[in-house]
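Every value quoted in this text rests on a predicted model; they were computed, and no experiment measured them.
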Amino acid sequence: MTTILVAAAHPDDETLGCGGTMLRHARTGNTVHVAFFADGETSRGGRAAKKVAGRRAQAAAACNILGAKSPHFFDFPDNRMDTVSMLDLAKAVEQVIATVKPAIIYTHHAHDLNVDHRLVHQAVMTACRPQPGSNVRAIYAFEVASSTGWAGPTLPQFSPARFVNIEQQWTAKRQALRYYADEMRTFPHVRSFEAIEALARYRGASVGLPMAEAFEVLRDVIAGD
């Protein structure tokens, strides 16, 4: 049995980025954990406390649909994680790694438009600097519609080399996304149900699969003799 950790900036990033893959892991007997670093709500103002509690409840329900354990929540400032030291962010990653001892980590693309995404990526890579005896053997970066593709052509683009068939998991992924209804938009917005499905079909068709989630390979260590 393998332990998986999804390190996501906000609740909904995990489902958008690797929800189908999470469920595949769970259905094959692996243990899936999710850590959220910011709440996705407080940067918008309004009734923050009520909205944060609601978003956390949505995240727990989505993770349950996708076969993950109850999520871990940190309280870093939403869309202001650049006001926090990288040391503090990396220590948070180290904390959850020490707790769940993952062999595989999924996290954000390094050059997403959203600043929190970029910093979670950097914190994961900092906390997972290669060390003898480390539990972490593989790190993969996922894409999040409305952030990964919007950073502009001056930055390195998402370049996946790993594709996971999610045809059998798509219905559950769509159901999980419904818990984040406030974060979804109407077509032709890139974060609409139709566009998310189109992306999965495009990623799949690019490698001869019906539907897929795509990942950059950041590390992939084969240990042993």
[X]: salt bridge (charged side-chain N to carboxylate O under 4.0 Å, His left out) partners, not counting sequence neighbours:
X: Glu213; answer: Lys173
X: Arg178; answer: none
X: Asp12; answer: Arg55

Item checked: Listed once per pair and sorted, the side-chain hydrogen bond (donor to acceptor under 3.5 Å, both in side chains) pairs that draw on residues 57-75, sequence neighbours left out -> Arg56-Asp75
Margin query: Other members of the hydrophobic cluster containing Leu199, with the 4.5 Å side-chain heavy-atom rule, please.
Written below: none
Item checked: Connected-component partners of Tyr202 among ILVMFWY, side-chain separation under 4.5 Å -> none
Note to self: So, using side-chain hydrogen bond (donor to acceptor under 3.5 Å, both in side chains) as the criterion, who are the partners of Thr3 when residues are at least two apart?
What the structure shows: none
Checklist line | Pairs satisfying ring-ring contact (aromatic ring centres under 6.0 Å, His included), at least one member in residues 150-188, at least two apart | finding: His109-Phe158, Trp150-His189
Notebook entry, point to check: Does any pair with a residue in residues 10-30 pass ring-ring contact (aromatic ring centres under 6.0 Å, His included), and if so which ones, sequence neighbours excluded?
Noted result: His10-His117, His25-Tyr106
Going by atom type alone, with no hydrogens or angles, which donor-acceptor pairs under 3.5 Å involve a side-chain atom of residues 31-39 and a protein atom two or more places apart or on another chain?
residue : atom : partner : partner atom : Å
Asp39   : OD1  : Glu41   : N            : 2.7
Asp39   : OD1  : Thr42   : N            : 2.8
Asp39   : OD1  : Thr42   : OG1          : 3.2
Asp39   : OD2  : Thr42   : OG1          : 3.1

Notebook entry, point to check: Quick one: side chain to side chain contact (heavy atoms under 4.5 Å, CB included) partners of Ile222, sequence neighbours excluded?
Noted result: Asp220
Item checked: Between Arg191 and Ser146, a side-chain donor and acceptor under 3.5 Å -> yes
Next item on the list: Please report the closest heavy-atom contact between Ala7 and Thr107, naming both atoms and the distance.
Entry: O-OG1, 3.0 Å
Review item, side-chain donor-acceptor pairs of residues 124-132, under 3.5 Å, at least two apart:
residue : atom : partner : partner atom : Å
Thr126  : OG1  : Gln122  : O            : 2.8
Arg129  : NE   : Thr126  : O            : 2.9

